[in-house]
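A quick write-up on the structure given underneath.
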Amino acid sequence: MSNSFPKEEKLKSRKLIEKLFSDGKSVSKFPLKLVFIPLTEHQSTSVNVLAGFSVPKRKFKKAVDRNHIKRLIRESYRLQKTTLFNNLPTSYAFMFLYLGKEQPSFIQLNKSMEQLLNRFLKQINKQ
RNA sequence: GUAGCAGGCUAUCUUAUCGCUUUAUACCUUGUAAUAGGGGAGAAGAGGAAAGUCCGGACACCAUAGAGCAGCAUAGCGGAUAACAUCCGUCAUCCCGAUAACUAUCGAGAUAGGACAAGUGCAACAGAAAGAAUGUACAGGUAAUGCUGUAGUGAAAUCAGGUAAACUCUAUGCGGUGCAACGCCAUGUAAACCAAUGCUUGAGAAUUGCUCGUUCAAUAUUGGAGGGUAGGCGGUUAGAAUUGCCAGGCAACUGGUAAUCCAGAUAAAUGAUAAGACUCGACAGAAUCCGGCUUACAGGCCUGCUUUUUUU
RNA sequence: CGGGAUGUAGCGCAGUCCGGUAGCGCACACGGCUGGGGGCCGUGGGGUCGCAGGUUCAAAUCCUGUCUUCCCGA
């Protein structure tokens, strides 16, 4: 049950996304980059994290490739988000970006995701 | 059997676990009930090109949608179609191959294929001369003359010359904007909206590129409830639909009948892991919906024609 | 979803409207001026005009299709 990734946990609001890119901070571990921003109280719901995924069109011209990479990232996030939620004090909005130029394998992506989330937690705890 | 060409069909599969989108019965809770909330067994879930956006429609709104000009598109003839620049048939012209022999027949293919007997323009080099023109050599001819033939230049040389994928003319068609169209709800700022009345001006503004025409029009009073904002719902998938059979037609296609329901997302749903099979898997991801065209593309299957080999 | 531009020599551009010779600058090669370099002067080489097809006697130019790159609007 905890591994599911329903609609409510997806980042959908256009305003929130714009605010995320203008005011948000970022952590990166090649080939992934995470942009995040804390959610204010009235924005936060029962959900811990709102997450979105993006692959630039400039690097992957074919829609099939972009879709596939987004699916891989989403799958990797879905499998690892439980441990993240256990250590999070407040709610956040996430946007994952893919920076690489080639099609990744799921195993590589999974490792990168693990390291990326650890770096994120460290940065949070410093503050 | 082999190789090639053309056309059509197909587009890896199986199992388990975790997850995504749509739909959803039983069930649980509140409640008299309608209903509301929870729940989630099961079912369904990208393409032949979903692509390029090159044509044609459907559908929606705009009443300043009218008239004229301009502009754009099409172009043998006949048919199909909702419509088309698509498709089918056919004629003509051109090209290739075979037969046959200097002219036809057969097969395969290509064609933006109306008009230069309305006007305007254009034709490098060569050539006397490229269109209100005339001339060299030889020959012929005349009362006389480029009057006639041949040579020569050129893609084209006197003939109602060529050229319209040159302007143009003829015929036919085309209102504009596009689902982010458009309708509704919620939130909520503010007087930027609408109607009526009255007043002044006819300046200015609006529209399809232009003209005509048309419409609006400062401010004030009264009345109405509108305007902006991508937050949500509808539009949104049952259709010029698919499949089978029968009938009509040379064909494109049409009619009848039976059965079926076959994606509907909205930062945007198909993936991951493990195992197995084979021929080892190409190009590639729906976004309002259809009909075409074009482009990309591994393998497999079917049909027809041609080449060559073997057997009868 | 809609609209527009671009492609010509190694690089940057003109020529395309209105069809007949492909040109300019930088760079490159050779020669000269100088004792040498730089600089200047002269000469020269180098282009499938993105690709395919068509119209035409003739196409970078006209027409059709297609590909690449880039930009704009919602």
Side-chain angles (χ1 to χ4, degrees):
Chain A
M1 298 300 297
S2 59
N3 283 339
S4 71
F5 184 57
K7 259 186 176 180
E8 290 74 33
E9 291 187 23
K10 288 178 185 171
L11 180 58
K12 290 184 176 182
S13 163
R14 175 173 283 261
K15 288 179 183 174
L16 238 179
I17 293 170
E18 283 175 4
K19 195 178 180 186
L20 179 67
F21 280 115
S22 57
D23 302 341
K25 298 177 179 179
S26 66
V27 184
S28 61
K29 165 73 182 81
F30 190 84
L32 290 174
K33 180 177 184 179
L34 170 61
V35 182
F36 64 92
I37 191 172
L39 288 177
T40 55
E41 285 189 9
H42 74 271
Q43 286 170 325
S44 65
T45 55
S46 57
V47 181
N48 287 333
V49 169
L50 293 173
F53 308 88
S54 180
V55 178
K57 195 173 188 179
R58 199 166 275 273
K59 291 177 182 171
F60 296 91
K61 303 246 171 187
K62 295 175 185 172
V64 173
D65 298 336
R66 293 198 300 273
N67 278 346
H68 187 71
I69 293 171
K70 282 203 281 186
R71 282 165 184 162
L72 291 179
I73 300 173
R74 183 157 51 220
E75 178 73 6
S76 168
Y77 170 75
R78 180 179 74 80
L79 293 173
Q80 299 191 32
K81 65 173 188 159
T82 317
T83 51
L84 174 72
F85 285 7
N86 292 336
N87 299 319
L88 262 188
T90 53
S91 296
Y92 283 88
F94 279 6
M95 177 62 80
F96 290 90
L97 302 175
Y98 185 75
L99 302 176
K101 294 179 181 176
E102 296 174 356
Q103 282 275 348
S105 74
F106 180 74
I107 300 174
Q108 292 173 345
L109 253 182
N110 222 7
K111 284 182 186 171
S112 302
M113 177 64 77
E114 189 180 350
Q115 294 169 340
L116 178 70
L117 291 181
N118 285 335
R119 287 194 187 183
F120 167 71
L121 283 176
K122 278 184 187 174
Q123 186 159 339
I124 292 292
N125 291 332
K126 278 181 188 175
Q127 297 169 354

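In what follows, chains carry the letters A, B, and so on, assigned in the order in which the sequence lines appear, proteins first and then strands, with residues in each chain numbered from 1.
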What's the [atom1]-[atom2] distance between [X] and [N], to the nearest Å?
| X | N | atom1 | atom2 | answer |
| --- | --- | --- | --- | --- |
| Phe53(A) | U266(B) | CZ | P | 15 Å |
| Lys62(A) | C297(B) | NZ | C1' | 11 Å |
| Leu79(A) | U17(B) | CG | P | 17 Å |
| Lys70(A) | G285(B) | NZ | P | 13 Å |
| Asn67(A) | A284(B) | CG | C1' | 11 Å |
| Ile69(A) | G285(B) | CD1 | P | 13 Å |
| Arg66(A) | A269(B) | CZ | C1' | 17 Å |

Hey, what do you get for [atom1] ([X]) to [atom2] ([Y]), rounding to the nearest 0.5 Å?
| X | Y | atom1 | atom2 | value |
| --- | --- | --- | --- | --- |
| Tyr98(A) | Phe30(A) | OH | CZ | 6.5 Å |
| Leu32(A) | Leu97(A) | CG | CG | 9.0 Å |
| Leu34(A) | Ser28(A) | CG | OG | 9.5 Å |
| Ile37(A) | Leu50(A) | CD1 | CG | 11.5 Å |

Distance, [atom1] atom - from [M] to [N], rounded to whole angstrom:
| N | M | atom1 | value |
| --- | --- | --- | --- |
| A296(B) | A59(C) | P | 26 Å |
| A24(B) | G52(B) | C1' | 40 Å |
| U153(B) | A101(B) | C1' | 37 Å |
| G56(B) | A75(B) | P | 13 Å |
| A165(B) | U214(B) | C1' | 42 Å |
| G224(B) | U229(B) | C1' | 23 Å |
| G285(B) | G107(B) | C1' | 46 Å |
| C61(B) | A180(B) | P | 16 Å |

Original post:
Which residues, if any, of residues 101-113 of chain A bring a heavy atom under 4.0 Å of RNA chain B?
Top reply: Phe106(A)
For [N], the Watson-Crick or wobble partner whose two distances fall under 3.5 Å:
| N | answer |
| --- | --- |
| C182(B) | G234(B) |
| G78(B) | C88(B) |
| A251(B) | none |
| A16(B) | U273(B) |
| U25(B) | none |
| C301(B) | G8(B) |
| A258(B) | U243(B) |
| C72(B) | G173(B) |

Is [X] near enough to [N] that one of its side-chain N or O atoms lies under 4.0 angstrom from OP1 or OP2?
| X | N | result |
| --- | --- | --- |
| Arg74(A) | A269(B) | yes |
| Arg71(A) | U270(B) | yes |
| His68(A) | A272(B) | yes |

If the glycosidic angle sits within 90 degrees of zero it is syn, else anti. Tell me which applies to [N].
| N | answer |
| --- | --- |
| G299(B) | anti |
| U237(B) | syn |
| A263(B) | anti |

Original post:
Using Watson-Crick and G-U wobble pairs whose two distances are both under 3.5 Å, how do you write the pairing of RNA chain C as dot-bracket, with | for links to another strand?
Top reply: (((((.((.[[[[.)....(..]]]].((((((.....)))))).....[[[[[..)....]]]]]).))))).
Are [Y] and [X] linked, directly or through intermediate hydrophobic residues, by side-chain heavy-atom contacts shorter than 4.5 Å (ILVMFWY only)?
| X | Y | answer |
| --- | --- | --- |
| Leu121(A) | Leu79(A) | yes |
| Leu99(A) | Leu116(A) | no |
| Phe85(A) | Ile124(A) | yes |

Original post:
Of all residues at least two apart in sequence or in a different chain, which pass the side chain to side chain contact (heavy atoms under 4.5 Å, CB included) check with Arg66(A)?
Top reply: Val55(A), Lys57(A), Phe60(A), Ala63(A)
Original post:
By side chain to side chain contact (heavy atoms under 4.5 Å, CB included), which residues pair with Ser26(A), not counting sequence neighbours?
Top reply: Lys33(A), Val35(A)
Report all side-chain donor-acceptor pairs from residues 67-75 of chain A shorter than 3.5 Å, counting only partners two or more places apart or in another chain.
| unit_1 | atom_1 | unit_2 | atom_2 | d |
| --- | --- | --- | --- | --- |
| Glu75(A) | OE1 | Arg78(A) | NE | 3.4 |
| Glu75(A) | OE2 | Arg78(A) | NH2 | 2.8 |

Donor-acceptor pairs under 3.5 angstrom involving side-chain atoms of residues 100-111 of chain A: please list them, not counting sequence neighbours.
| unit_1 | atom_1 | unit_2 | atom_2 | d |
| --- | --- | --- | --- | --- |
| Gln103(A) | NE2 | Asp65(A) | OD1 | 3.3 |
| Ser105(A) | OG | Gln108(A) | N | 3.4 |
| Asn110(A) | OD1 | Ser76(A) | OG | 3.0 |
| Asn110(A) | OD1 | Gln80(A) | NE2 | 2.7 |

Using the 3.5 Å cut-off, write out each protein N or O paired with an N or O of nucleotides 21-23 of chain B and the distance between them.
| unit_1 | atom_1 | unit_2 | atom_2 | d |
| --- | --- | --- | --- | --- |
| U21(B) | OP1 | Lys7(A) | N | 3.4 |
| U22(B) | OP1 | Lys7(A) | NZ | 2.9 |

Short heteroatom pairs, N/O only, protein and nucleotides 69-71 of chain C, under 3.5 Å:
none

**OP:** Between Ser54(A) and Glu75(A), name the one whose nearest nucleotide on RNA chain B is closer to the 5' end.
**Re:** Ser54(A)
Original post:
So which one's nearest nucleotide on RNA chain B is more toward 5', Ala51(A) or Asp65(A)?
Top reply: Ala51(A)
**OP:** Tell me what Leu72(A) touches on the nucleic acid: a base, only sugar-phosphate, or nothing, going by heavy atoms under 4.0 Å.
**Re:** sugar-phosphate
Original post:
Are side-chain heavy atoms of Phe36(A) and Val49(A) found at a separation under 4.5 Å?
Top reply: no
Original post:
Hey, what's the ring geometry for Phe94(A) with Phe96(A), parallel, tilted or perpendicular (30° and 60° as the breaks)?
Top reply: perpendicular
